[in-house]
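Okay, structure first, notes after.
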Number of protein chains: 2
Amino acid sequence: MINPVYLKIVEDIKKKINGAELKPGDAISSETSLCKEYGASRMTVRKGLAILVSEGYIYSIPGKGNFVQKPEQDKYIVHYDEMNNSINRVDKIKLLEVNIIMPDEKLAAELQITRNKNVILIRRLFYTDGAPVAYDVKYLLYQKGMPIVEKEIEHATFAEMVSNSMPIYALKKELSIYSRMPNEEIKRYLNIYDELALLVVEQKLFNNESKPIGLGVTHYRGDYIRLRGISG
Amino acid sequence: MINPVYLKIVEDIKKKINGAELKPGDAISSETSLCKEYGASRMTVRKGLAILVSEGYIYSIPGKGNFVQKPEQDKYIVHYDEMNNSINRVDKIKLLEVNIIMPDEKLAAELQITRNKNVILIRRLFYTDGAPVAYDVKYLLYQKGMPIVEKEIEHATFAEMVSNSMPIYALKKELSIYSRMPNEEIKRYLNIYDELALLVVEQKLFNNESKPIGLGVTHYRGDYIRLRGISG
DNA sequence: CAGTGGTCTAGACCACAGC
DNA sequence: CTGTGGTCTAGACCACTGC
């Protein structure tokens, strides 16, 4: 078949929802009536409904029926790669420092560790077309298999730094995005001479037990980066 | 049953992928062998696999098999509501201007219209705890059913402004997030006396034919807002 | 050709809502 | 009690892949 029955069901119900014929909270026809309506078996109807559920259009209440879901209005999908954004791409990286440090109070709290634990510090500068565009600082708890050779550290994204010791699938990540004025040190590193704001992206990595294993702070020149999001 | 068979299948395969026993590109056991392994019918096995597909863990190639998907490392989910962020909440709004304007070249290009078309301009100030925190500008193409009463415009989010003329489901939205220094006008509006950066969020609304129907630019005080994202 | 996934059926039993 | 959705089976036919 060119158009499977279950997709026809999905499209029809989507049209009714998008066309406001069905409003959030409204009940969908029961599965048995949809079977009759489309001359299909119940498994086929249910396959269509399962797709609508997974796409967030409807939800089911056992014993009651299927209902139109209220859409999540404020949800966006953002693709963030510290070395690549929608406008530019980092083409050179300079390793400023690799060190073992003792965390201060704030960092220890962020990483949920005590202040006597060692933390790996990595500071780098990102370049595009020969000009420095971002100042990047990473704090990592040491894990087995982590790269300790400078050549490996230099070009690795945050996720890559821990990927030897952790399967990427198990990695949970959080972003925090904010705006800030550069301090004197960052102004020097990024060749900022006049008034220019920074876009700062904090990245936090968690293992599969939701314990933090790393914190990254990337300070981008405000004229260099834009983050984009799409509703969905 | 407390644990349906198909969920058991899903969990087992997820464990194998997270535990690096199965790597991206590897083939999953064929559906018929999974049937034997779990003593289940093919439909039950397929229900489990369908869940893994929808969650991005695996993909299918007809005639060949099911394979482990390479995870999307850079995808984050961001919740953005112009009036509510993870730290603060807008509790007062001041309407500065509602007007009909002719777009300049840049705006006409953004909205994909000619320069002789009318555009509704709305300028507002957002307050939290009595202090101005954001300067908000919206450009809207007029649609039937749009609110024209100031009281309605004053407190509406961007999506709400068009929701009377368009079902929310059909609305597609794009975000663009960047950092910028305030100009003199914005400094006055937001009571900025010393060096403070802005976080600017541009929101673009599209109808179901992917034509732009509105552009919103919200300038937040950098010390007011943080946007958060979660991997997924 | 045999093996794979994609679609579909016509039943079955269960737990739960609501009367 | 009937009607609802949730799970599951044991088949079937199809299109595609690779030998």
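By convention in this document, chain letters (A, B, ...) are assigned in the order of the sequence lines, proteins followed by strands, and residues within each chain are numbered from 1.
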Using atom CG of B:Asn3 as one end and atom P of C:dC14 as the other, report the distance to the nearest whole Å. 19 Å

Base-paired stretches in DNA chain D with three or more consecutive Watson-Crick or G-U pairs, both distances under 3.5 Å, amount to C:1-16 with D:3-18

Reckon A:Arg46 has a side-chain N or O less than 4.0 Å from the OP1 or OP2 of D:dG6? yes

CZ of B:Arg42 versus P of C:dT9: gap in Å, rounded? 15 Å

Here the pair of heavy atoms bringing B:His155 nearest to B:Met83 is O-CE, 3.8 Å

Among residues 8-18 of chain A, which contact DNA chain D at a heavy-atom distance under 4.0 Å? none

Please determine if B:Lys47 forms a cation-pi arrangement with B:Tyr6, meaning its NZ or CZ atom is less than 6.0 Å from the six-membered ring centre and no more than 45° off the ring axis. yes

Would you check if A:Asn18 and B:Asn208 make a side-chain contact, meaning some heavy-atom pair closer than 4.5 Å? no

If we ignore hydrogens and angles and just use 3.5 Å, is the side chain of A:Ser86 paired with the main-chain N or O of A:Leu227 as donor and acceptor? no

OP1 or OP2 of C:dC8 under 4.0 Å from side-chain N/O of A:Tyr6: no

Answer yes or no: does a side-chain N or O of A:Asn66 lie under 4.0 Å from OP1 or OP2 of D:dT4? no

Indicate the atoms forming the closest heavy-atom contact of A:Ile177 with B:Leu199, along with that distance. O-CD2, 4.4 Å

If you take any heavy atom closer than 4.0 Å to DNA chain D, which residues from residues 47-64 of chain B end up in contact? B:Lys47, B:Pro62, B:Gly63, B:Lys64

Tell me if the CD1 atom of A:Ile230 is crowded by more than 12 foreign heavy atoms within 6.0 Å. no

Here the distance between atom P of D:dT7 and atom CG of B:Leu7, to the nearest Å, is 7 Å

Looking only at D:dC8, D:dG6, C:dG6, the nucleotide nearest the A:Glu31 side chain is D:dG6

Matching residue for B:Val137 among B:Leu121, B:Leu215, B:Thr218, B:Ile122 - test: side chain to side chain contact (heavy atoms under 4.5 Å, CB included): B:Leu121

B:Cys35 and B:Ser41, any side-chain heavy atoms less than 4.5 Å apart: no

Does D:dT9 have its OP1 or OP2 closer than 4.0 Å to a side-chain nitrogen or oxygen of B:Thr44? yes

Pick from A:Tyr224, A:Tyr135, A:Tyr178, A:Phe126: which one makes a ring-ring contact (aromatic ring centres under 6.0 Å, His included) with A:His219? A:Tyr135

Given DNA chain D, 5'-ward residue of the pair A:Met43 and A:Gly65, judged by closest heavy atom: A:Gly65

So, does B:Ser41 get its side chain near the phosphate of D:dC8, meaning an N or O under 4.0 Å from OP1 or OP2? no

Are A:Lys138 and A:Glu82 close enough for a salt bridge, meaning some N to O gap below 4.0 Å? yes

With salt bridge (Lys or Arg N to Asp or Glu O under 4.0 Å) as the criterion, how do A:Arg46 and A:Glu31 come out once you've worked through the C-alpha distance, each side chain's angles and the decisive distance to 0.1 Å? CA-CA 7 Å; A:Arg46 281 181 61 74; A:Glu31 296 177 357; 2.9 Å; yes

Nearest whole Å is fine: how far is C:dA10 P from A:Lys36 NZ? 14 Å

